Amino acid sequence: MTIWAIALWLFSAGTSPQARVERLERSLLAPCCFKESIWRHRSDISTKMKLEVAGWVAAGKSDEEILAVYRERYGARVVVPPEPDPSPWVRIVPWLAALGGAVLVVRVLARWRSEGAEAAGSPLS
């Protein structure tokens, strides 16, 4: 197997029809309330939309074609805007805070230990 064949296999594994259907269901809001994606919503219209999406994916329509049908039918509000990637700080700050807290705990414990050793070693008058 060549490198290109392996790369193609890995790329196609992430774009299975079921994965596409789920991604599309998560990116469409139920038009009855515009609050939940059809992936989670349990109304008749969302069930109908799920069946349509699965059928269109099986028929070979592209994601953009499917989303365009729903935009035309229900307006642009039905499509959930994609979430942007979080800033690198969102991933780094919690680790830095945990590290800073661990350093603070070690310093406080070391100080208490040294104060305890000094008190034990000093003669009482």
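Keep in mind that this is a model prediction, so the values were computed, not measured.
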Novice: Any chance you could measure R40, atom CZ, to L29, atom CG, to the nearest 0.5 Å?
Specialist: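 Here the rounded value is 12.5 Å.
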
Novice: Is V69 reachable from V21 through a run of I, L, V, M, F, W or Y residues, each pair having side-chain heavy atoms under 4.5 Å apart?
Specialist: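 Yes.
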
Novice: Donor-acceptor pairs under 3.5 Å, side chain of residues 45-56 to any protein atom, not counting sequence neighbours: which ones?
Specialist:
residue : atom : partner : partner atom : Å
S46     : OG   : H41     : O            : 3.2
S46     : OG   : S43     : N            : 3.1
S46     : OG   : S43     : O            : 2.9
S46     : OG   : S43     : OG           : 3.2
T47     : OG1  : S43     : O            : 3.0
K50     : NZ   : I38     : O            : 3.2
E52     : OE1  : Y70     : OH           : 2.5
E52     : OE1  : R73     : NH1          : 3.1
E52     : OE2  : R73     : NH1          : 3.4

Novice: Would the number of heavy atoms belonging to other residues, nucleotides or ligands and lying under 6.0 Å from CD of E115 be above 12?
Specialist: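 Correct, the count exceeds 12.
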
Novice: For P31 and Y74, which heavy atoms make the closest approach, and how far apart are they?
Specialist: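 That would be CB-CD2, 3.6 Å.
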
Novice: For the CG atom of L24 and the CG atom of D63, what is their distance to the nearest 0.5 Å?
Specialist: 4.5 Å

Novice: Nearest heavy-atom pair of R20 and K61: which atoms, and what distance?
Specialist: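 Nearest heavy atoms, R20 then K61: NH2-O, 2.7 Å.
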
Novice: Would you mind checking if R26 and E22 are paired as a salt bridge, meaning a charged N to carboxylate O distance below 4.0 Å?
Specialist: yes

Novice: The test is side-chain contact (heavy atoms from CB on, under 4.5 Å); show your working for V108 and W112 and say whether it passes.
Specialist: CA-CA 6 Å; V108 167; W112 283 351; 3.7 Å; yes

Novice: Are the side chains of V80 and L28 in contact, using a 4.5 Å heavy-atom criterion?
Specialist: no

Novice: I need the L109 CG to L104 CG distance, nearest 0.5 Å.
Specialist: 9.5 Å

